[in-house]
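Below is one structure; the comments refer to it alone.
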There are 2 protein chains.
Amino acid sequence: MADGVRRKFRREGEAQRQGDLIAAALELIAEGGPQAATVRAIAARAGVTPGLIRHYFHTKEDLLCAAYASFMQRMTDDHRATVADGVADPVARLARFVVASLTPPMVDARAVGLWAGFIHLVQHDPVMRAVHHKTYHAFRFELDVLIAEALASVGRGDSPEELRRHAISCNALIDGLWMEGSSLPDAFSDGELPRLGVANIGLLLGLDLAAALED
Amino acid sequence: MADGVRRKFRREGEAQRQGDLIAAALELIAEGGPQAATVRAIAARAGVTPGLIRHYFHTKEDLLCAAYASFMQRMTDDHRATVADGVADPVARLARFVVASLTPPMVDARAVGLWAGFIHLVQHDPVMRAVHHKTYHAFRFELDVLIAEALASVGRGDSPEELRRHAISCNALIDGLWMEGSSLPDAFSDGELPRLGVANIGLLLGLDLAAALED
DNA sequence: CCTCAAATTATACGCTTGCAGAATTACCGC
DNA sequence: GCGGTAATTCTGCAAGCGTATAATTTGAGG
């Protein structure tokens with residue numbers, strides 16, 4: 001580098017720069033965990049100098065909070081986008097929900113790394129905990145409702161305890177397949193993961209989800 | 001602290017001190033992730049001074065490798081201890097395997113924190129990768145065999161592709177329940193988790209695992 | 001009781017980290 | 001074109017990091 005030469009730069013809007021910094025932080029955490037997301041590394045990846053971070057975020061932890069919120073928001077947005085609302089049959093809605101949970105971009109090599117990297121930050125920061133609870137329980141609640149509606153639509157009136165058990169098990173199966181698929185992407189052929197999910201959640205609930213998908 | 005007074009200490013055997021240091025490192029990672037496991041923090045928790053770490057481990061990464069190996073070894077040991085070998089009926093063996101996977105000490109609040117904390121270290125360090133592959137695939141392979149034997153024992157000759165799908169799904173269900181139970185310990189009543197696992201894996205495979213347990 | 005190897009502590013070094021504030025530069029409105 | 005504002009960079013700092021090595025203390029054996 002030439003000495004005494006100040007680096008050229010372009011001015012950007014607040015949203016743009018914040019977005020770049022958040023994206024950079026997420027990339028770094030996904031690749032190397034929280035320890036890789038140093039202020040200097042984030043700035044370098046975002047194409048700016050470290051000082052700029054403190055111009056847009058009061059502290060590094062603030063940036064990480066925003067990054068986590070952005071991550072969770074993108075996950076739920078992606079999920080909703082794939083679910084394709086407006087399906088009349090409750091069983092088909094549940095099936096689509098499962099497929100969406102086990103299809104890219106939900107299943108992604110970096111997603112599980114991000115999820116793991118944030119766990120400890122989430123457990124210690126109250127703000128992150130709030131974000132976590134909101135989005136996590138939203139997912140779980142949505143699944144609860146879908147299962148209840150799907151069972152009701154075929155005339156089954158499972159007790160609340162049975163519904164709770166169904167929701168826990170289906171959620172576990174989705175989570176487990178999501179983890180396997182995300183961390184071992186090459187272990188599954190195209191479309192195998194959602195097919196497994198639909199078939200097996202059908203088994204758990206006693207519903208033919210696969211058939212309901214063909215509409 | 002009095003000035004110029006050197007700290008008193010007791011000599012311990014190599015195994016004892018290494019064990020203390022490893023235990024301290026695991027505690028810290030479980031609580032606060034890899035970033036919390038600094039050399040100084042580990043030493044303090046183990047009741048020694050930082051320099052001692054380098055007397056027993058060539059580098060900090062060596063200590064973390066040993067800690068990960070110890071963690072995985074303890075998990076598989078605990079698992080095997082609960083499985084209670086020597087059961088004749090293959091279906092009962094599978095059921096016991098599932099129960100063991102979803103019972104303390106396998107299900108533990110700190111276990112999932114540790115697992116998450118090590119993920120990125122494992123992905124970057126070849127030695128850790130080796131440890132991971134060895135123990136992880138041992139678990140998965142054991143499950144594969146148990147499922148095949150259980151199905152064969154009731155006269156079902158599922159094709160290799162079906163067996164593979166069964167193993168993936170059962171593994172996913174166990175993993176998911178393990179994660180839910182470990183990260184939300186208060187969300188489940190006593191014995192509920194293994195009961196859910198046994199019942200639902202029975203559904204996935206078309207076997208009555210619960211009945212096989214009562215022997 | 002003294003000796004001596006080894007276990008342990010203490011100190012120090014170079015590097016990185018997050019953070020703060022001053023200095024500079026780009027761009028918008030006139 | 002020409003300020004003026006604020007976006008951006010630059011420099012510096014104190015604390016913490018992992019590591020290296022020298023200085024001590026311990027406990028066992030003679």
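So that the names make sense, note that chain A is the first sequence line, chain B the second, and so on, each numbered from 1.
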Going by heavy atoms in the side chains, are L121(B) and L64(B) under 4.5 Å from each other? yes
Heavy atom of residues 45-58 of chain B under 4.0 Å from DNA chain C: which residues? V48(B), T49(B), G51(B), L52(B), H55(B), Y56(B)
Report which part of the nucleic acid R7(B) touches: base, sugar-phosphate, or nothing (heavy-atom distance under 4.0 Å, all strands). sugar-phosphate
Let's see if you can work this out: which of dA26(C), dT24(C), dG18(C) has an atom nearest to the side-chain heavy atoms of K8(A)? dA26(C)
Step by step, would you call R140(A) with E142(A) a salt bridge (charged side-chain N to carboxylate O under 4.0 Å, His left out)? CA-CA 5 Å; R140(A) 170 86 172 263; E142(A) 205 168 341; over 6 Å; no
Check whether any side-chain heavy atom of R195(A) sits under 4.5 Å from a side-chain heavy atom of L102(A), and report yes or no. no
Between the side chains of R164(B) and E162(B), is the shortest nitrogen-to-carboxylate-oxygen separation below 4.0 Å, so that they form an ion pair? no
Base, sugar-phosphate or nothing for E14(B)? Non-hydrogen atoms, less than 4.0 Å. nothing
I174(B) side, atom CD1; M106(B) side, atom CE - distance, nearest 0.5 Å: 9.0 Å
Below 4.0 Å from chain B heavy atoms, what is the first contacting nucleotide of DNA chain D and what is the last? dC17(D) to dG27(D)
Under 4.0 Å between any heavy atoms, over every strand shown, what does R17(B) touch: base, sugar-phosphate, or nothing? Just pick one. sugar-phosphate
Taking atom C1' of dA6(C) as reference, at what distance in whole Å does atom CZ of R11(B) sit? 5 Å
Should R45(B) and E31(B) be marked as a salt bridge (charged side-chain N to carboxylate O under 4.0 Å, His left out) after you check the CA-CA gap, both sets of side-chain angles, and the distance that decides it? CA-CA 12 Å; R45(B) 169 104 29 149; E31(B) 292 168 12; 3.0 Å; yes
Between D20(B) (CG) and dA7(C) (P), how many Å, whole number? 15 Å
Over all strands shown, is V39(A) touching base, sugar-phosphate only, or nothing at heavy-atom distances under 4.0 angstrom? sugar-phosphate
For R40(A) and dA20(C), give me the distance from atom CZ to atom C1', rounded to whole Å. 12 Å
Counting any heavy atom closer than 4.0 Å, what does R10(B) reach on the DNA or RNA strands: base, sugar-phosphate only, or nothing? sugar-phosphate
Contact nearer the 5' end of DNA chain D, comparing F9(B) with T38(B): T38(B)
Nearest-0.5 Å distance, CD1 of residue I29(B) to CZ of residue F71(B): 10.0 Å
Rounded to the nearest 0.5 Å, how far does CZ of R110(B) lie from CD of E27(B)? 6.0 Å
Side chains of D108(A) and S182(A), donor plus acceptor under 3.5 Å: no
